[in-house]
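All chains are named by letter (A, B, ...) in the order of the sequence lines, taking the proteins before the strands, and each is independently numbered beginning at 1. This one's a predicted model, so the numbers in the text were calculated from it and none came from an experiment.
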Amino acid sequence: MLVSIVSYGLALGAVYALIGITYNVMFAASRVFSFTAGMTGMLGGVLGALFIDRLGMPVIVGFVATLAAGAVLGIITEILTVRPVLKSLDQHLYVLSTLAFALMIQQLTAIEWSTEPQPFPRLLPIGPGLFDQQFWLPMVACAATIVGLEWLYRRTLIGRAFLAIAEDNYAARALGLPEQRLRIASYALAGVIGTLAGFTGAEMMLAYFGNGPLLNFYGFVPVALGGMGSNRGAVVGGLALGLFQQTANFLVGGIFASVAVFVVFIVVLLARPEGFAGAATARRV
Amino acid sequence: MKLSRRQALKGTAASAATLATGVFRPAIAQSEPIRIGYLPALTGPSSSTGIGINRGTELAVKEINAAGGIKGRQIELIVRDTQSDPTKAVNGATELTRRHKVQVMWGPLNSGEALAATPLIARDGVPQVHPCWVDALTDPKKYPLAFRNAPTNQQIGGAANHYVVHILKANKVAVVSDTTGYGTASLDAYVPMLKSMGATVVYQSSVEANNPDVKPELLRMQAAGAEAIMPWSVNAGFLSRLINTRAEMEWDVPIVGQTTLGSGQTKALLKKPEYWEKVYPNNFRNCSYDASGQLPPRTAEFVERIRKAGIEMSDTLLWWIALGYDGPRLIADAIREAGSTPEEIAGYWNKVKGWPGVYGTITWTPELHDGFQGSEVVMVQANSLKEGAFVLAPGYSG
């Protein structure tokens with residue numbers, strides 16, 4: 001039982017954490033909470049199965065093509081659903097525009113791919129058992145992403161430019177930073193991270209159009225728990241969510257496992273609305 | 001002679017009145033084709049079923065017309081693809097009943113679309129045959145012209161329960177569903193039915209279909225001493241996870257339930273083909289092989305005709321084709337024997353007894369428009385699919 005809780009819990013948690021980071025990367029660049037995050041995760045599985053299983057591409061080519069498609073989707077999201085509503089952020093029009101675009105992606109996938117879950121190919125000849133790739137691949141992807149982002153943000157000029165526009169985009173523009181191009185790059189990066197989550201988690205979750213809304217929600221929970229904009233918080237929150245969900249699955253089972261997740265989520269938000277790693281927003285009085 | 005505008009209008013009005021009162025109608029009716037409105041889902045998520053049924057329907061219409069039609073009148077099948085969308089089914093039904101004035105409707109072919117379209121077809125007073133399983137779709141008081149030539153959900157669940165309790169002799173049963181409306185409704189309907197048959201339901205649960213790990217559910221079932229598992233879901237992902245996990249736990253408990261257990265989508269998600277052993281989905285006696293690999297004589301003869309007609313069977317199911325073949329023949333028999341008005345068609349159907357369809361034997365009465373016989377719903381071996389049909393599950397005679 002413990003082995004199953006830890007293996008599935010950490011693997012699922014890593015996928016949720018990566019979707020949480022996808023939300024964060026888009027949010028940092030635009031202050032927009034884009035509901036396309038879960039859809040990029042869903043597409044990671046669907047496109048991976050399409051490229052490798054149906055089109056017969058080598059695994060590495062299919063992997064790169066999937067991530068590239070994620071980057072393109074991120075750019076389209078920025079152009080179509082974010083840029084037009086940036087001037088009126090306070091009206092929260094992005095909720096409608098990104099949600100509508102997410103639903104379009106989901107419906108298009110259902111029509112063109114399938115409404116039935118499809119198998120995802122085995123990528124490496126390792127497993128089955130505890131060392132099955134379906135468990136460790138998402139964890140490796142999550143670790144690589146968090147290390148890569150830390151390196152990008154702290155050690156590179158472009159990473160610091162990302163942080164600058166996340167901190168204060170007016171000041172960043174005044175300094176001559178190309179805010180629009182940096183925002184597009186952030187959305188492309190978010191698309192890559194989202195599809196990476198879906199690709200590495202697809203053997204466990206299958207290539208299924210219905211994973212989109214699920215990842216949208218369970219990817220949002222670590223962001224809310226860890227604090228908006230905190231990638232480390234999203235990782236801790238995601239892994240905790242995965243472990244808790246799997247424990248509830250074993251202890252109470254059935255529909256009550258999902259209820260238990262919602263209850264804890266609401267209690268944490270009531271006790272600490274800014275999340276565990278987020279800072280309380282200062283209000284000028 | 002000069003014709004004034006008033007005279008011309010009077011003449012036109014008189015002609016129109018003559019046509020409207022039907023003075024010439026019998027002559028026209030004798031020669032015009034019989035219009036059957038047909039609402040298959042040929043594209044979209046439900047299209048695999050729709051395409052299979054369509055092959056049988058087209059064959060039946062072709063055969064009837066080639067044999068001279070119905071008393072010399074050809075059948076004109078007016079088709080509207082519902083695209084697996086209830087809204088389009090409603091639009092198609094309205095167009096067929098009002099613009100095309102069809103004499104009778106065949107379909108819609110799935111329950112979601114039929115739930116939306118049947119009230120409209122009934123309101124327009126058009127007789128309808130459909131093959132949809134949702135119990136509420138026939139009601140002789142509410143829809144006196146709507147008839148079903150397929151089993152109800154009660155019959156589907158009843159056959160699975162009968163197999164578990166009376167043939168497998170399993171007394172301790174675990175029933176699990178997904179959290180969809182279909183899943184939870186099935187659980188609510190079939191658990192009391194199982195108990196009334198004398199079985200003990202040792203575990204019941206509704207689970208999120210997307211949950212990637214169903215091992216906790218199976219461990220609880222095993223701990224409760226389940227001798228059979230009955231999953232109610234049409235989600236191939238959920239069903240395949242149950243089958244895979246059962247095999248990985250090296251637990252050889254039988255899994256008995258809905259037709260999706262034996263679908264190609266479920267098969268594609270199994271980690272090993274042998275995991276499909278001891279999995280028994282619903283099917284239909286007339287379209288199943290017996291233990292010696294033979295189809296019933298009526299069905300075997302039908303399969304020969306399908307082959308001669310060059311109809312593809314490898315990518316579909318025999319019962320879908322058979323079901324599609326029976327629909328137009330039920331309509332043709334009613335018009336041939338009774339006439340083509342709604343009252344004549346429904347009057348004939350209300351008295352149909354033991355009608356020998358390829359898919360099922362149909363008996364309708366004025367009080368019961370569910371014509372399929374419960375005894376013809378059976379369980380089959382999921383891993384035995386050959387040319388669109390399965391072998392009967394162990395324990396059935398004949």
Could you look at [X] and say if it's the side chain, the backbone, both or neither that has a heavy atom under 4.5 Å from chain B?
X: F250(A); result: both
X: Q245(A); result: neither
X: I5(A); result: neither

Q. How far apart are the closest heavy atoms of P117(A) and G237(B), and which atoms are they?
A. CG-N, 3.5 Å

Q. Roughly how far, to the nearest 0.5 Å, is the CG atom of L269(B) from the CD atom of E116(A)?
A. 8.5 Å

Q) Which residues, numbered in order, of residues 192-216 of chain A come under 4.5 angstrom of chain B by heavy-atom distance? A) M204(A), M205(A), L206(A), Y208(A), G210(A), N211(A), L214(A)

Q) Considering heavy atoms only, which positions within residues 209-218 of chain B lie below 4.5 Å of chain A? A) N210(B), N211(B), P212(B), D213(B), K215(B), P216(B), E217(B)

Q) Quick one: salt bridge (charged side-chain N to carboxylate O under 4.0 Å, His left out) partners of E387(B), sequence neighbours excluded? A) R307(B)

Q) Can you name the residues that form a salt bridge (charged side-chain N to carboxylate O under 4.0 Å, His left out) with D85(B), not counting sequence neighbours? A) K88(B)

(Q) Using a 4.5 angstrom heavy-atom cutoff, name the option from R220(B), E208(B), K271(B) with the most pairs to chain A. (A) R220(B)

Non-hydrogen atoms of chain A under 4.5 Å away: do they reach the side chain of [X], the backbone, both or neither?
X: L219(B); answer: side chain
X: V176(B); answer: neither
X: S206(B); answer: backbone

Q) Heavy-atom count around F33(A) CZ within 6.0 Å, excluding the residue itself: above 12? A) yes

Q. Should the heavy atoms of other residues, nucleotides or ligands under 6.0 Å from CE of M104(A) be counted, would the total exceed 12?
A. no

